[in-house]
Visitor: 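Quick one: the structure is below, and I'll ask about it shortly.
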Amino acid sequence: MTHSDADHASGLRTVLSEIPVRNLWMHIPWLLAEESRHLFSDKRWTAEGLKSAVKAEYGTISEIYDLASEAGTNIFFPFQGTDIGPFRVCSPSRVSYSYLLPQFEKTPDPDQAAIEAAQMWLGKESLARKILEAAKAALHGWTTESWENERLQDGGITSASNETSVVLYGSFENDARVLLTGDTGVNGLRWAAIYAESVGLPLQKFSFVQIPHHGSRRNVGPTILTRLLGEIQAEVSASRFSAFVSAPKDDEKHPRRIVLNAFKRRGGHIIATQGIGKVHWGGFPARAGYDVAESLPFYTQVEEYT
């Protein structure tokens with residue numbers, strides 16, 4: 001499970017109810033809260049009190065944990081350096097998670113000064129902040145963009161919970177490499193890049209990349225994309241990798257065209273789900289009833305970056 005947000009977790013209840021699951025990798029906020037206790041503003045929290053308070057806010061995760069425990073499923077924390085089959089967890093680290101947990105929307109108030117001192121302050125997610133972001137997204141205007149004039153900007157900020165999304169680097173036969181990003185943001189991608197480089201996992205040579213968080217402009221920027229994917233290619237260059245974005249049908253906010261263009265500039269063959277189940281073809285024989293998915297174009301009319 002990528003992270004603790006309900007939209008990424010709820011389906012696991014059905015999986016655990018209907019299919020035998022031997023191993024489950026997931027972050028469990030209340031079992032990890034003790035490591036962050038000194039980073040909450042109220043220093044009177046006891047270990048058990050904090051654990052109970054955090055658990056009470058995560059009903060869906062609690063259901064999943066109970067179902068897995070009752071079924072005898074092994075539960076592991078997916079932190080940096082963990083191997084899950086052919087995948088390596090590149091982010092988050094356990095230390096990063098401990099600083100981000102107090103900044104989750106559903107956890108008690110953080111000790112901002114202590115977190116800022118470690119240069120890990122992103123900001124506490126709140127309903128007011130969500131409403132403001134939604135309003136800004138809904139009121140965006142349109143502008144032109146060319147291949148040479150990239151309008152996506154660095155400095156995007158997503159929620160602390162999103163930044164704890166598990167980033168997976170997959171290595172397969174024939175040098176096929178996969179990057180799965182969940183809902184992570186610029187920080188999570190940067191931590192993943194730093195870790196991958198430190199252990200010799202090559203960047204810029206992926207065959208498949210998941211575009212983070214449904215194609216949100218807040219989760220990527222030009223600098224981190226160039227680091228992960230490579231330099232901007234000539235406009236007439238052939239695609240170098242598949243870039244999948246999972247987004248609802250007829251969603252005005254996702255995926256953002258400026259984000260899709262950024263991946264395309266760096267060699268991406270862009271495929272969006274948008275209400276249709278799609279499968280990445282990895283060299284196996286074509287299956288009856290499947291058609292070739294149409295790649296999205298480069299857009300010359302894009303959203304203004306607000």
Visitor: Going by the rule side-chain contact (heavy atoms from CB on, under 4.5 Å), which residues pair with Ala288 if we only count those two or more places apart in sequence or in a different chain?
Guide: none
Visitor: Is any side-chain heavy atom of Pro92 less than 4.5 Å from a side-chain heavy atom of Phe79?
Guide: yes
Visitor: Distance from Phe298 atom CZ to Arg257 atom CZ, nearest 0.5 Å?
Guide: 11.0 Å
Visitor: Quick check against the 3.5 Å criterion: does Thr107 have a side-chain atom that pairs as donor or acceptor with the backbone of Leu101?
Guide: yes
Visitor: Under the 3.5 angstrom rule, does the side chain of Ser159 hit a backbone N or O of Asn162 as a donor-acceptor pair?
Guide: yes
Visitor: Examine Val166 and Val15 and state if one hydrophobic cluster contains both, with Ile, Leu, Val, Met, Phe, Trp and Tyr joined whenever side-chain heavy atoms are less than 4.5 Å apart.
Guide: no
Visitor: State whether a side-chain donor-acceptor pair under 3.5 Å links Ser161 with Thr164.
Guide: no
Visitor: Around atom CD of Gln301, are there more than 12 heavy atoms of other residues, nucleotides or ligands at under 6.0 Å?
Guide: yes
Visitor: Is Leu260 linked to Trp147 within one hydrophobic cluster, defined over Ile, Leu, Val, Met, Phe, Trp and Tyr using a side-chain heavy-atom separation of less than 4.5 Å?
Guide: no
Visitor: Cut-off 3.5 Å, no hydrogens considered: what does the side-chain donor-acceptor table look like for residues 57-70, sequence neighbours left out?
Guide:
unit_1 : atom_1 : unit_2 : atom_2 : d
Glu63  : OE2    : Arg13  : NH1    : 3.4
Ser69  : OG     : Tyr65  : O      : 2.8

Visitor: Can you tell me if Asn174 uses its side chain to pair, donor with acceptor, with the backbone of Ala176 under 3.5 Å?
Guide: no
Visitor: Is Ile224 reachable from Met120 through a run of hydrophobic residues whose side-chain heavy atoms are each under 4.5 Å from the next?
Guide: no
Visitor: Minimum heavy-atom separation for Trp45 and Pro108, please, with both atom names.
Guide: CZ2-CG, 3.6 Å
Visitor: Cation over ring, Arg218 on Tyr305, under 6.0 Å and within 45°?
Guide: yes
Visitor: Taking all non-hydrogen atoms of both residues, which atom of Ala33 and which atom of Val54 are closest, and how far apart?
Guide: CB-CG2, 4.3 Å
Visitor: Could you tell me whether the side chain of Trp142 reaches within less than 4.5 Å of the side chain of Glu304, counting heavy atoms only?
Guide: no
Visitor: Cluster question for you: counting only ILVMFWY and a side-chain heavy-atom cut-off of under 4.5 Å, with indirect links fine, are Leu296 and Val220 together?
Guide: yes
Visitor: Specify the closest pair of heavy atoms between His38 and Lys43, including all atoms of both residues, with the distance to one decimal.
Guide: O-NZ, 2.6 Å
Visitor: Determine whether Ser93 and Tyr97 make a side-chain contact, defined as any pair of heavy atoms from C-beta on separated by less than 4.5 Å.
Guide: no
Visitor: Which heavy atom of Tyr169 sits nearest a heavy atom of Cys90, and at what distance?
Guide: CB-SG, 3.7 Å
Visitor: Any sub-3.5 Å donor-acceptor pair from Gln103's side-chain atoms to Lys124's backbone N or O?
Guide: no
Visitor: Quick one: salt bridge (charged side-chain N to carboxylate O under 4.0 Å, His left out) pairs with a partner in residues 269-291, sequence neighbours left out?
Guide: none
Visitor: Could you list the donor-acceptor pairs under 3.5 angstrom formed by side chains in residues 23-32, with sequence neighbours left out?
Guide:
unit_1 : atom_1 : unit_2 : atom_2 : d
Asn23  : OD1    : Asn74  : ND2    : 3.0
His27  : NE2    : Pro78  : O      : 3.1

Visitor: Decide yes or no on side chain to side chain contact (heavy atoms under 4.5 Å, CB included) for His269 and Phe241, but give the supporting numbers first.
Guide: CA-CA 6 Å; His269 179 81; Phe241 61 90; over 6 Å; no
Visitor: Hey, what do you get for OG1 (Thr2) to CG (Asp183), rounding to the nearest 0.5 Å?
Guide: 6.0 Å
Visitor: The test is ring-ring contact (aromatic ring centres under 6.0 Å, His included); show your working for Phe87 and Phe172 and say whether it passes.
Guide: CA-CA 9 Å; Phe87 290 94; Phe172 299 88; 5.6 Å; yes
Visitor: In terms of side-chain heavy atoms, does Asp111 have a donor or acceptor partner in Ser41 at a distance below 3.5 Å?
Guide: no
Visitor: Compare every heavy atom of Val167 with every heavy atom of Leu179, then report the nearest pair and how far apart it is.
Guide: CD1-CG1, 3.9 Å
Visitor: When the side chains of residues 191-214 are checked against the rest of the protein, which donor-acceptor pairs come out under 3.5 Å, sequence neighbours left out?
Guide:
unit_1 : atom_1 : unit_2 : atom_2 : d
Tyr195 : OH     : Arg88  : NH1    : 2.8
Glu197 : OE1    : Arg227 : NH2    : 2.7
Ser198 : OG     : Tyr195 : O      : 2.6
Gln204 : NE2    : Thr226 : O      : 3.2
Gln204 : NE2    : Arg227 : O      : 3.2
Ser207 : OG     : Arg177 : N      : 3.3
Ser207 : OG     : Arg177 : O      : 3.0
Gln210 : OE1    : Thr181 : N      : 2.9
Gln210 : OE1    : Gly182 : N      : 3.0
His213 : ND1    : Asn219 : OD1    : 3.1
His214 : ND1    : Ser246 : O      : 2.9

Visitor: Any heavy-atom pair between the side chains of Val259 and Leu152 that's under 4.5 Å?
Guide: yes
Visitor: Under 3.5 Å, side chain of Arg217 to main-chain N/O of Ile258, donor-acceptor pair present?
Guide: no
Visitor: Rounded to the nearest 0.5 Å, how far apart are CD1 of Ile75 and CE of Met1?
Guide: 10.0 Å
Visitor: Starting from Phe76, can I reach Leu12 by hopping between I/L/V/M/F/W/Y residues whose side chains sit under 4.5 Å apart?
Guide: no
Visitor: How about Ile84 and Val89: do any of their side-chain heavy atoms sit closer than 4.5 Å?
Guide: yes
Visitor: With a 3.5 Å distance limit and no angle check, can you tell me whether Ser98 reaches the backbone of Glu35 through a side-chain donor-acceptor pair?
Guide: no
Visitor: Keeping Asn261 on the side-chain end and Tyr299 on the backbone end, is there a donor-acceptor pair under 3.5 Å?
Guide: yes
Visitor: With a 4.5 Å heavy-atom cut-off, do Ser242 and Ile271 have their side chains touching?
Guide: no
Visitor: For residues 146-171, pull every pair meeting salt bridge (charged side-chain N to carboxylate O under 4.0 Å, His left out), keeping only residues two or more places apart or in separate chains.
Guide: Glu150-Arg265, Glu150-Arg266
Visitor: Report yes if some heavy atom in the side chain of Gln233 is under 4.5 Å from a heavy atom in the side chain of Arg240; otherwise report no.
Guide: yes
Visitor: Evaluate side chain to side chain contact (heavy atoms under 4.5 Å, CB included) for Phe263 paired with Leu225, printing each intermediate quantity in order.
Guide: CA-CA 8 Å; Phe263 277 82; Leu225 289 183; 3.6 Å; yes
Visitor: What is the distance from atom NZ of Lys264 to atom OG of Ser239, rounded to the nearest 0.5 Å?
Guide: 5.5 Å
Visitor: For Leu39 versus Ala114, what's the shortest heavy-atom pair and its separation?
Guide: CD2-CB, 4.0 Å
Visitor: Could you give me the CA-CA distance, side-chain angles and deciding distance for Glu34 and Lys51, then say whether salt bridge (Lys or Arg N to Asp or Glu O under 4.0 Å) is met?
Guide: CA-CA 7 Å; Glu34 168 61 17; Lys51 178 181 175 181; over 6 Å; no
Visitor: Roughly how far, to the nearest 0.5 Å, is CG of Leu168 from OG1 of Thr184?
Guide: 11.0 Å
Visitor: Should Asn187 and Leu122 be marked as a side chain to side chain contact (heavy atoms under 4.5 Å, CB included) after you check the CA-CA gap, both sets of side-chain angles, and the distance that decides it?
Guide: CA-CA 10 Å; Asn187 291 291; Leu122 301 182; 3.5 Å; yes
